[in-house]
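These notes are about the structure you will find just below.
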Amino acid sequence: AAIEVTTTVKAQEEGIKDYEIKNGADGKFIGFYPQYPGCIGFADSREMLDMKMQKSLKNWIRAAYILWKENKILVNKKQEGAVWQHIGVL
């Protein structure tokens, strides 16, 4: 069963790009932000999809921030360890 793009929805918040909507084979609506991998949602109606896509985007941004923060901490710890090794403490 093929899925085809039906429309692109303009985001209401400034700075957030549009998301695309596809019709599923089961009649449900599937939304996704092409620029945010894994940021998807599905619902029985367009109105419900709008709400789910807002929640999906908030969750995606939160998860991306946590991953960025964890990566930054790990990089800083590696750099800190390298400095201590360089001066002969470790």
Side-chain angles (χ1 to χ4, degrees):
I3 298 175
E4 59 184 69
V5 174
T6 56
T7 189
T8 299
V9 176
K10 299 283 184 196
Q12 294 178 357
E13 296 180 32
E14 248 181 75
I16 297 177
K17 298 194 179 199
D18 308 337
Y19 68 87
E20 294 184 17
I21 298 175
K22 295 185 177 188
N23 285 336
D26 58 358
K28 294 187 186 242
F29 295 95
I30 303 164
F32 66 97
Y33 286 95
Q35 66 273 31
Y36 306 123
C39 188
I40 60 172
F42 66 94
D44 293 326
S45 69
R46 294 280 300 272
E47 294 80 18
M48 184 61 77
L49 183 62
D50 284 340
M51 292 188 313
K52 288 192 173 191
M53 290 306 296
Q54 287 177 5
K55 184 175 181 180
S56 181
L57 183 59
K58 287 178 184 178
N59 290 339
W60 191 95
I61 291 171
R62 183 179 299 119
Y65 173 75
I66 291 168
L67 289 173
W68 170 81
K69 189 173 179 183
E70 287 176 356
N71 187 45
K72 186 176 177 185
I73 290 169
L74 291 174
V75 168
N76 287 341
K77 286 195 180 284
K78 287 179 185 176
Q79 289 172 351
E80 182 180 293
V83 168
W84 287 113
Q85 286 177 349
H86 179 70
I87 62 172
V89 174
L90 295 177

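All values derive from a computational prediction rather than experimental measurement.
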Here the gap from Ser45 atom OG to Lys52 atom NZ, rounded to the nearest 0.5 Å, amounts to 9.0 Å
Backbone N/O of Ile40 and side chain of Ser56: donor-acceptor pair under 3.5 Å: yes
Closest non-hydrogen contact found for Gly38 with Trp60 is C-CD1, 4.2 Å
What are the two closest heavy atoms between Asp18 and Pro34, and how far apart are they? O-CD, 4.2 Å
Testing the basics here: between Lys22 and Phe32, what is the closest heavy-atom pair and its distance to 0.1 Å? CE-CE2, 3.4 Å
Correct closest heavy-atom pair for Gly41 and Met53 would be N-SD, 3.5 Å
Are any of the side-chain heavy atoms of Asn59 and Arg62 separated by less than 4.5 Å? yes
If we only count heavy atoms from C-beta on, is the Asn23 to Phe29 side-chain gap below 4.5 Å? yes
Do Leu49 and Tyr19 come within less than 4.5 Å of each other through their side chains, counting heavy atoms only? yes
Shared ILVMFWY cluster between Met48 and Ile21, side chains joined below 4.5 angstrom? no
